[in-house]
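These notes concern the structure reproduced below.
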Amino acid sequence: MHAFDVLGDPVRRRILELLADGEQTSGAITAIVRQEFGISQSGVSQHLRVLRDNGFTTVRAQGTRRLYAVDTASLQEADLWLNQFRRFWNQHLDALATEVARGKRRRRDTTEAKQGRSDPHD
């Protein structure tokens with residue numbers, strides 16, 4: 001299965017988001033996903049299996065618990081594929097950063113000007 005076929009499912013993306021903060025038990029993942037998506041425990045288990053089988057997660061046993069973590073190998077594959085398109089959005093992001101900086105500078109200049117007019121010690 002291609003990385004984007006795996007990532008195309010919102011449940012699997014949410015599971016990866018949960019795991020981005022660190023290792024989680026299957027029970028903790030299941031509880032959150034069931035609440036947010038209204039799917040069964042076995043449905044969540046299937047999504048966890050797809051992620052594991054396609055190299056997006058690792059799982060290790062700790063007693064009776066199963067701990068899942070992100071495996072970056074498949075995410076790197078997706079990142080490499082996306083790399084050919086970065087030029088399309090990097091230019092726009094650079095322009096956005098310039099506009100944000102201009103806005104901050106204008107606000108700072110406006111604030112300083114107002115303070116200068118209202119300061120009786122000038």
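Model, not experiment: these values are computed from the prediction. The first residue of the sequence shown is numbered 1, and numbering continues consecutively from there.
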Would you say that [X] contacts [Y] through its side chain, given a criterion of any heavy-atom pair below 4.5 Å between the two side chains?
{"X": "Val59", "Y": "Leu67", "result": "no"}
{"X": "Thr25", "Y": "Gln62", "result": "no"}
{"X": "Val33", "Y": "Leu18", "result": "yes"}
{"X": "Leu19", "Y": "Ile29", "result": "yes"}
{"X": "Val44", "Y": "Ile39", "result": "yes"}

field: Donor-acceptor under 3.5 Å (Ser74 side chain, Asn54 main chain)
entry: yes
message: Can you tell me which residue among Leu16, Ile15, Thr72, Asp71 is in a side chain to side chain contact (heavy atoms under 4.5 Å, CB included) with Phe56?
response: Leu16
query: Rounded to the nearest 0.5 Å, what separation is found between the OG1 atom of Thr57 and the CD atom of Gln24?
result: 12.5 Å
statement: Rounded to the nearest 0.5 Å, the CZ atom of Arg105 sits from the OG1 atom of Thr110 at a distance of 12.0 Å
message: Testing the 3.5 Å rule here: is there a donor-acceptor pair between the side chains of Gln46 and Arg49?
response: no
- prompt: Do you see a donor-acceptor pair shorter than 3.5 Å between the side chains of Tyr68 and Arg52?
  reply: yes
message: Could you walk me through whether Arg34 and Gln41 satisfy the side-chain contact (heavy atoms from CB on, under 4.5 Å) test, starting with their C-alpha distance in whole Å, then the side-chain angles of each, then the deciding distance to 0.1 Å, before giving a yes or no?
response: CA-CA 7 Å; Arg34 288 185 71 187; Gln41 182 275 330; 4.2 Å; yes
- prompt: Please, which pairs that meet salt bridge (Lys or Arg N to Asp or Glu O under 4.0 Å) have at least one residue in residues 5-22, sequence neighbours excluded?
  reply: Arg14-Glu17, Arg14-Glu36
field: More than 12 heavy atoms of other groups within 6.0 Å of Gln84 CD
entry: yes
- prompt: How are the rings of Trp81 and Phe85 set relative to one another: parallel (under 30°), tilted (30 to 60°) or perpendicular (over 60°)?
  reply: tilted
- line: Closest heavy-atom pair, Ser26 versus Leu48, reported as atoms and distance to 0.1 Å, is CB-CD1, 4.3 Å
query: What's the verdict on side-chain hydrogen bond (donor to acceptor under 3.5 Å, both in side chains) for Gln115 and Thr111, showing C-alpha distance, side-chain angles and the deciding distance?
result: CA-CA 6 Å; Gln115 289 174 348; Thr111 301; over 6 Å; no
